Amino acid sequence: MTKGRASAPAKVILFGEHFVVYGSPAILASINRRIVVDARTIAENKVVIRSDIGVAGEYGSSSFKATEGGMEAKATLDPLHNAITQVLVARGKKKGIEIAISSSVLPGIGLGSSAAACVATVAAVNSLFQKKPSRQKICELAIKSERLIHKNSSGADCYVSTFGGLIYYSKARGFKEIKSKGALALVIASTGVRHSTGDLVAGVKKLKDRNESLFQSLAKQAADICAQAHGAIASGKCDKLGELMNENQAVLRQIGVSHYKVDDLIDICGKAGALGAKITGAGGGGAVIALAASRQDGGKIASRARAAGYESFEVEIDRKGLVI
Ligand code: PMV
């Protein structure tokens, strides 16, 4: 039996979600919450997936059996099964594989847990064999698998999870690392409302199809905000960055991806001293990200959100990305 392990970080989208699907830029950061995948070869010719997130199952050559989590298991595990199969095909191997997933990432609220799981799965299964693929190759396979969850994925989640750090992404120019001046004191608060990224992306497409000129004008605003945010991060202007987060949130509200609990959380964060706050990721509930002036302020914001009944924690930007 051969064993391998890989871990990949969750992420936040600081600016540009949704519009990134249509070519606008986005700013993302990987965060210090990880998904760990342990892989091993097994004697039986099947794929077994276990996890600590309430879903588990077994895949035969053309069958699936949920061993935990019922219907939800298949939707969550299919991309990972696809990732494993892709690695085996690329390697020309026919082997039974078991993976075990341990997660410190809340699922379904926009923190990129599925992308991180795909990246770590591709890397862990690859590590069972000789000759390691490049990070770029791992990222490409993970993006293909993640597209099973939502087919219009920009791929930005998998990229930031693979390479780590703070990233400026645009379709035209690809991914560019942003060197930030000073640390960002970030707080995440969850509305507790799980979302389907695919459904929200489809909803935004409907709005775009109905009113292309409105959508284009909002996309332009979001792109301008993103470009200014790039400058504010690079020059360490946190007050400006907070204002830009609020402006981005106003644009996101107009495309219908906010939620009354998001508004409540943003209000709580603002009253607790946040410089700015917005949805991070697809919205429709999900998580809110707030920027604080200092770590101490960040702690205050998180505890106010918790006192109001929301799960909330401070995060740091992860610089490592995928670890094998
Ligand atoms: O995976 P989430 O829920 O963080 O959202 C992804 C961000 C979107 O811009 C809405 C979609 C995408 O593929 O970039």
Side-chain angles (χ1 to χ4, degrees), residues 8-31 33 35 53 75-76 79-80 103 105-120 139-140 142-162 166-175 186 188-208 215 218-219 221-223 225-226 229 245 248-249 251-259 261-262 278-289 315 318:
K11 66 95 195 35
V12 287
I13 301 184
L14 290 168
F15 294 92
E17 48 273 272
H18 284 289
F19 297 100
V20 66
V21 172
Y22 301 98
S24 292
I27 295 177
L28 296 94
S30 64
I31 56 171
R33 296 265 161 156
I35 292 214
I53 54 165
T76 307
L80 304 180
S103 174
V105 187
L106 291 172
I109 57 160
L111 299 182
S113 59
S114 53
C118 286
V119 170
C139 182
E140 282 164 17
I143 289 172
K144 273 195 197 164
S145 304
E146 216 227 342
R147 289 213 166 110
L148 283 185
I149 308 174
H150 85 97
K151 63 179 190 308
N152 293 318
S153 169
S154 60
D157 281 23
C158 286
Y159 188 93
V160 76
S161 183
T162 307
L166 199 53
I167 279 165
Y168 189 88
Y169 168 74
S170 74
K171 224 174 194 171
R173 290 206 251 137
F175 298 92
L186 296 170
I188 289 175
S190 170
T191 60
V193 179
R194 290 182 66 152
H195 66 206
S196 152
T197 300
D199 290 351
L200 285 151
V201 169
V204 173
K205 184 175 183 308
K206 265 195 197 150
L207 174 122
K208 179 178 179 295
F215 185 83
L218 295 172
Q221 286 178 45
I225 290 168
C226 217
M245 287 168 81
N248 195 159
Q249 175 61 19
V251 178
L252 288 165
R253 262 190 208 114
Q254 291 191 66
I255 57 166
V257 297
S258 199
H259 188 275
K261 287 199 174 178
V262 167
K278 60 180 278 295
I279 283 165
T280 180
V288 161
I289 184 147
V315 289
D318 156 277

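Numbering of ligands and ligand atoms starts at 1, following listing order. Given the structure is predicted, the values throughout are model-derived calculations rather than measurements.
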With a cut-off of 4.0 Å, which atoms of ligand 1 are near a heavy atom of [X]?
X: His195; value: 3 (O)
X: Asp157; value: 1 (O)
X: His18; value: 8 (C), 9 (O), 10 (C)
X: Val20; value: 9 (O), 14 (O)
X: Glu17; value: 9 (O)
X: Gly110; value: 2 (P), 3 (O), 4 (O)

Only residue of Leu28, Ile225, Val20 satisfying side chain to side chain contact (heavy atoms under 4.5 Å, CB included) with Phe15 is Ile225
For [X], is at least one N or O under 3.5 Å away from an N or O on ligand 1?
X: Thr197; value: yes
X: Ala282; value: yes
X: Gly155; value: no

So how far is it from Glu17 CD to Ser24 OG, rounded to the nearest 0.5 Å?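 Reported value, rounded in 0.5 Å steps: 11.5 Å.
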Measuring from atom CD1 of Ile13 to atom CG of Leu111, what distance do you get when rounded to the nearest 0.5 angstrom?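 Between atom CD1 of Ile13 and atom CG of Leu111 there are 10.0 Å.
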So [Y] and [X], do their side chains get closer than 4.5 Å, heavy atoms only?
X: Ser114; Y: Thr76; answer: no
X: Val201; Y: His18; answer: yes
X: Ile289; Y: Met245; answer: yes

Counting only heavy atoms closer than 4.0 Å, does ligand 1 sit against the backbone of Thr280, its side chain, both, or neither? neither
Using a heavy-atom cut-off of under 4.0 Å, does the side chain or the backbone of Ile13 touch ligand 1, or both, or neither? side chain
Do the side chain of Lys278 and the main chain of Leu14 share a donor and acceptor less than 3.5 angstrom apart? yes
In terms of the angle between their ring planes, are Phe175 and Tyr159 parallel, tilted or perpendicular, with boundaries placed at 30° and 60°? parallel
